[in-house]
Every structure is written in structure tokens, then in C-alpha cells.
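We name chains A, B, ... by the order of the sequence lines, and we start the count at 1 in each one.
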Protein chains: 2
Amino acid sequence: MGSRDAKNELFDALASVAKVLGNGRRAEIVDVLAQGERSVEELSSEIGQTVANTSQHLQHLLRAGLVDTRRDGTRIYYSLSSPSVSHLWGTIRQVAEEHIEHLEELATSYLGDRSTLTTMTRSELTDRLDAGDVMVIDVRPEVEFRAGHIAGATSIPVKELEERLDGLPDSRLVVAYCRGPYCVYADDAVRALGQRGIQAARLEEGYPEWQDAGLPVQTN
Amino acid sequence: MGSRDAKNELFDALASVAKVLGNGRRAEIVDVLAQGERSVEELSSEIGQTVANTSQHLQHLLRAGLVDTRRDGTRIYYSLSSPSVSHLWGTIRQVAEEHIEHLEELATSYLGDRSTLTTMTRSELTDRLDAGDVMVIDVRPEVEFRAGHIAGATSIPVKELEERLDGLPDSRLVVAYCRGPYCVYADDAVRALGQRGIQAARLEEGYPEWQDAGLPVQTN
DNA sequence: CTCATATTCAAGTAGATGATTGAATACTGA
DNA sequence: TCAGTATTCAATCATCTACTTGAATATGAG
């Protein structure tokens with residue numbers, strides 16, 4: 001009791017949770033799984049890796065207890081084992097934003113220049129939802145919308161945005177959201193709408209953060 | 001924009017925060033620094049590693065932006081660069097407790113059997129502090145008490161406990177706390193007091209968690 | 001039963017990590 | 001200025017990690 005070896009083992013075990021999230025590809029996997037369950041193949045194309053490699057990353061996450069699996073026919077679906085995993089990933093991102101000085105550059109080179117985008121915080125959006133003077137659109141792929149979305153949002157995947165411009169108001173502000181702060185979909189949507197003269201803004205964060213904050217969601 | 005390489009770099013950078021905490025020795029360092037600043041030598045003896053090795057771990061933490069340094073004469077003091085780092089470490093521990101199934105065994109083999117210890121949650125303690133029917137003792141080394149402690153607590157480092165039994169009440173409950181849930185000091189104190197017929201309990205968590213929860217603290 | 005498909009496993013390799021050792025650097029006090 | 005102490009640096013080595021490749025396993029459709 002109180003021995004150095006036992007202490008090392010204990011802290012190694014605690015740190016193992018961080019270790020498994022300490023890889024960019026696994027972090028991406030968790031980021032996607034925060035939107036809902038996915039098969040190995042779907043994940044592999046999301047993260048741009050071979051299926052075999054993706055499977056190995058998933059084994060790491062599984063051994064650490066951060067994901068669960070479910071078999072459906074020949075497919076195996078992975079999901080986060082609890083909302084606290086998504087919360088942890090959010091906390092990691094937050095600390096990274098606060099302490100990694102060149103992060104903004106990296107974000108810009110992936111997402112493009114965001115400085116001209118109108119953004120909205122969660123609390124602003126809740127206020128304006130109460131007031132009823134905004135339309136909220138969920139621009140993620142429809143599966144993700146179906147797995148859970150902000151209460152009152154309409155599903156308009158970015159890919160279908162062009163064909164569905166009719167349904168959008170020209171008087172009310174349109175607020176787009178997607179997977180999270182490092183997701184391109186909402187950026188693309190806001191830019192596209194702006195070019196067509198529709199007033200649009202992006203929610204700063206995405207669905208998982210909204211849910212984690214305990215704000216009203218809708219799951220089917 | 002939207003390229004795979006840029007996305008990889010971005011997520012690698014986000015994951016780097018987790019990576020640096022994904023080592024047991026560095027996790028221990030953060031755990032200690034959550035109590036206040038420390039010199040390299042102090043840290044090296046805390047984590048049972050050579051000074052050179054400890055220094056290298058500290059360089060990792062420094063490069064990731066998680067710690068700051070301050071020189072005082074020949075010594076260099078390291079501290080957490082913000083409270084959010086301590087918060088992140090707490091979140092990691094929480095997820096580990098929730099998802100690593102053999103963690104309790106590891107904790108028991110380091111801390112001994114805790115099942116007989118009376119414990120108290122933060123909210124219980126705040127209630128009883130309001131009621132005024134408990135005495136709270138901070139059993140960490142006195143430097144840590146001086147760096148910050150629960151408002152109203154008395155400093156009685158475990159090492160001095162024997163000599164200071166006189167100052168303890170025999171009518172009121174004594175609540176001991178220390179660095180955090182994986183710290184032995186409060187366990188040792190509660191056991192020692194119990195053997196002397198003094199009613200004692202340990203606060204489930206420690207000072208950093210109390211502070212992170214926004215509860216009243218006192219810093220000098 | 002056989003074939004196609006999804007996933008996992010196993011082996012191999014380049015590169016990263018953590019610990020050790022001994023030397024170099026930086027500051028203090030005499 | 002010089003000796004003493006705290007910290008960092010550099011080189012080394014065993015081990016681990018991430019990815020690749022190709023084969024093995026498991027399920028469902030026909």
C-alpha cells in the first residue's frame with residue numbers, strides 16, 4: 001500500500017484514457033461517433049484510412065472502454081460508450097484551443113478563412129429560438145439528423161442545399177449547425193446562402209456540444 | 001481547404017493535448033501541480049523518477065502549453081498554465097473511473113481497502129459547513145495549504161497529526177481532505193483518528209476538485 | 001453449400017517514446 | 001572569479017506505435 005509500483009500502475013491506468021485519445025485518427029473517430037453509431041467501413045472513409053487500420057484503432061478504443069459495438073448482419077456498428085466520452089473530447093478541444101498557439105492557423109488551413117462568417121453562440125441561439133425569429137437548419141448528413149438533433153431544427157444536408165433553397169425564408173435569419181466547431185458543413189452552408197442573398201449564420205459549436213450542455217434535443 | 005492533410009494536422013494538434021497527458025508519470029506531475037507550483041527536483045521525488053527524466057517530461061508539458069515556468073534563483077518552478085488543465089485532468093479521471101473496469105483493483109492495491117472509511121461528498125460538506133457542525137482539516141503538506149485551501153479549513157499535515165490531536169474536537173465530526181481521490185493522506189488521517197476514538201470522515205475528492213466546482217476557497 | 005462482403009487478425013517495418021547516463025549550462029553565494 | 005547546485009541537453013537503447021499487406025473469420029444472400 002502506497003508503493004511506487006502500485007501508484008505507477010494506477011496512474012498509468014488513469015492516463016490510458018488520455019493516451020487512447022492522443023492520436024489524431026482516433027480523435028477523429030470519436031468526433032464522428034459523437035454524431036451517432038457508425039460501421040467500420042463508414043468510419044474508415046470518414047478518417048481516410050484503410051479498413052484494417054481503422055479496425056485496429058477501434059480495438060484500441062474498445063479496450064479502453066470508450067466505445068461499444070453492436071452487430072447487425074455482417075456489419076459491426078461502433079458507438080461511444082457514454083455521453084461522458086463526448087464531453088471529454090470537448091474538454092480536450094477546449095484546452096487545446098486555449099493553450100496551443102498555432103491551432104488557429106491549422107484550423108484556417110483546413111476550414112478556410114472564417115473571419116467573415118457570422119457566428120452565434122449557444123445562448124444567443126436559445127434566446128432567439130424562444131423569440132421565434134430564426135430558422136435552424138441541420139446541415140449534417142440525414143442519418144446524423146435522425147440520430148438526434150437540436151429541437152426544432154430542419155434537416156437540410158449541405159449536399160441538398162441547392163435544391164432546397166425554396167423552403168428557406170428571406171425574412172428570418174437562417175442558423176446552420178453541424179458536427180462541431182471543426183466541421184466544414186455549416187461553414188459551406190452559410191457561405192452558399194450568403195451568396196444567394198439569404199441572411200445566414202453558423203452556430204459556433206455543433207450538435208454534441210448542444211446536447212452536452214443539456215439544451216433541448218430531439219431523438220427519434 | 002477541406003484537404004485530408006490539413007484535417008490530419010488539425011486533429012493531430014487537438015489530440016496532442018491528450019497525448020501529453022497519456023503518460024502515467026506526466027499525469028502524476030499534473031496531479032501534483034494542481035496543488036500548486038513545484039521545482040523540478042520536488043517533482044522528481046514526487047513521481048519517483050530521476051531529475052533528468054522529470055525535466056524531459058516537463059518539457060513535453062511545456063511544449064504542449066499545459067504548464068508555465070518561473071525562475072527563482074537557481075530553481076525553476078513549474079505550474080499549470082490555467083485551471084482548465086486541472087479540470088481536464090479531473091474529466092479524464094472521471095471517464096477512467098466510469099469505463100476502466102479493473103481501476104478499482106488498482107486503486108485498492110495502492111490505497112488499501114477503502115470500504116470501511118466514512119466518506120462525504122462535496123455537497124454534504126457544504127451543507128454541514130453551513131450548519132457549522134464539522135471541523136475540516138487539510139492534511140496535505142503545509143506548502144500546499146498555503147497555496148490555497150478550502151475556506152475555513154485548518155492545516156494539519158498528516159505527519160504532524162499525532163502531535164496535534166489536542167486541537168481536535170471529540171464532539172464534532174472531523175472531515176479530512178487532501179489532493180484528490182487518489183491521494184493517501186486523508187485516508188491515513190481518517191484511519192489514525194478513528195483508532196483514537198475521534199469521529200472522522202474523508203472528503204471524497206480533494207482541493208482541486210473543490211476549487212474547480214467553484215466552491216469557497218482561501219488563498220494567501 | 002457456396003460466394004460475396006464486412007471485419008478482424010497476424011506479420012513486418014519505419015519511426016516515436018521513455019528511461020538511463022554523463023556532460024553542458026545557468027545562476028548563487030563566497 | 002570560483003565552487004556548488006539546479007536544470008537541461010545529447011546520445012543511446014529497448015520498447016511501443018501506426019500503418020501496410022495479405023490472410024483468416026463470420027455472416028447473409030442466393
Side-chain angles (χ1 to χ4, degrees), chain A residues 4-5 7-9 11-30 32-33 37-64 66-79 143, chain B residues 4-5 7-30 32-33 37-64 66-79:
Chain A
R4 172 46 54 188
D5 281 1
K7 186 171 190 179
N8 282 359
E9 280 184 43
F11 276 81
D12 284 350
L14 292 168
S16 71
V17 165
K19 187 172 198 171
V20 84
L21 285 171
N23 172 280
R25 254 32 64 219
R26 283 197 293 270
E28 277 188 68
I29 288 174
V30 170
V32 174
L33 290 182
E37 62 171 18
R38 273 324 125 86
S39 70
V40 179
E41 202 180 24
E42 287 170 324
L43 285 169
S44 85
S45 76
E46 283 278 3
I47 70 169
Q49 298 287 318
T50 63
V51 170
N53 193 17
T54 304
S55 174
Q56 306 213 54
H57 280 307
L58 287 166
Q59 302 304 310
H60 278 280
L61 289 163
L62 194 60
R63 260 178 269 129
L66 302 190
V67 298
D68 286 335
T69 61
R70 160 180 96 78
R71 184 181 268 278
D72 179 17
T74 70
R75 293 214 170 87
I76 292 181
Y77 286 89
Y78 282 82
S79 56
V143 233
Chain B
R4 172 46 53 188
D5 281 359
K7 185 171 190 179
N8 283 358
E9 280 185 43
L10 174 61
F11 276 81
D12 285 349
L14 292 168
S16 71
V17 165
K19 188 173 197 169
V20 84
L21 285 171
N23 171 279
R25 256 28 68 218
R26 285 196 293 270
E28 276 189 67
I29 289 175
V30 170
V32 174
L33 290 182
E37 62 171 19
R38 274 322 128 85
S39 70
V40 180
E41 203 182 24
E42 288 171 323
L43 285 169
S44 84
S45 76
E46 283 277 5
I47 70 169
Q49 298 287 320
T50 63
V51 171
N53 193 15
T54 305
S55 175
Q56 306 214 55
H57 280 306
L58 287 166
Q59 303 304 311
H60 277 281
L61 288 162
L62 193 60
R63 258 178 269 128
L66 301 190
V67 298
D68 285 337
T69 61
R70 161 180 95 78
R71 184 181 270 277
D72 179 17
T74 69
R75 293 215 171 86
I76 292 180
Y77 286 90
Y78 281 81
S79 56

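Under 4.0 Å is where a charged nitrogen must lie from a carboxylate oxygen, and between Arg38(A) and Glu28(A) no such pair does.
Spacing between atom CD of Glu37(A) and atom C1' of dA6(C) amounts to 15 Å, rounded to whole angstrom units. As rounded to whole Å, 17 Å separates atom C1' of dA6(C) from atom CZ of Arg38(A). Atom CG in Leu21(B) sits roughly 16 Å away from atom C1' in dT17(C) (whole-Å rounding).
Looking only at distances, a side-chain donor or acceptor of Arg71(A) sits under 3.5 Å from a matching main-chain atom of Gly73(A). Here the side chain of Arg4(A) pairs a donor or acceptor atom with the backbone of Ile47(B) at under 3.5 angstrom.
Atom OH of Tyr77(A) sits about 12.5 Å away from atom CG of Leu33(A), to the nearest 0.5 Å.
Considering Glu37(A), Glu41(A), Glu42(A) in turn, Glu42(A) is the only one that fulfils the side-chain hydrogen bond (donor to acceptor under 3.5 Å, both in side chains) rule with Ser39(A).
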| query | Just by protein heavy atoms under 4.0 Å, how would nucleotides 7-20 of chain D read 5' to 3' in B, S and -? | reply | SBBB------SSBB
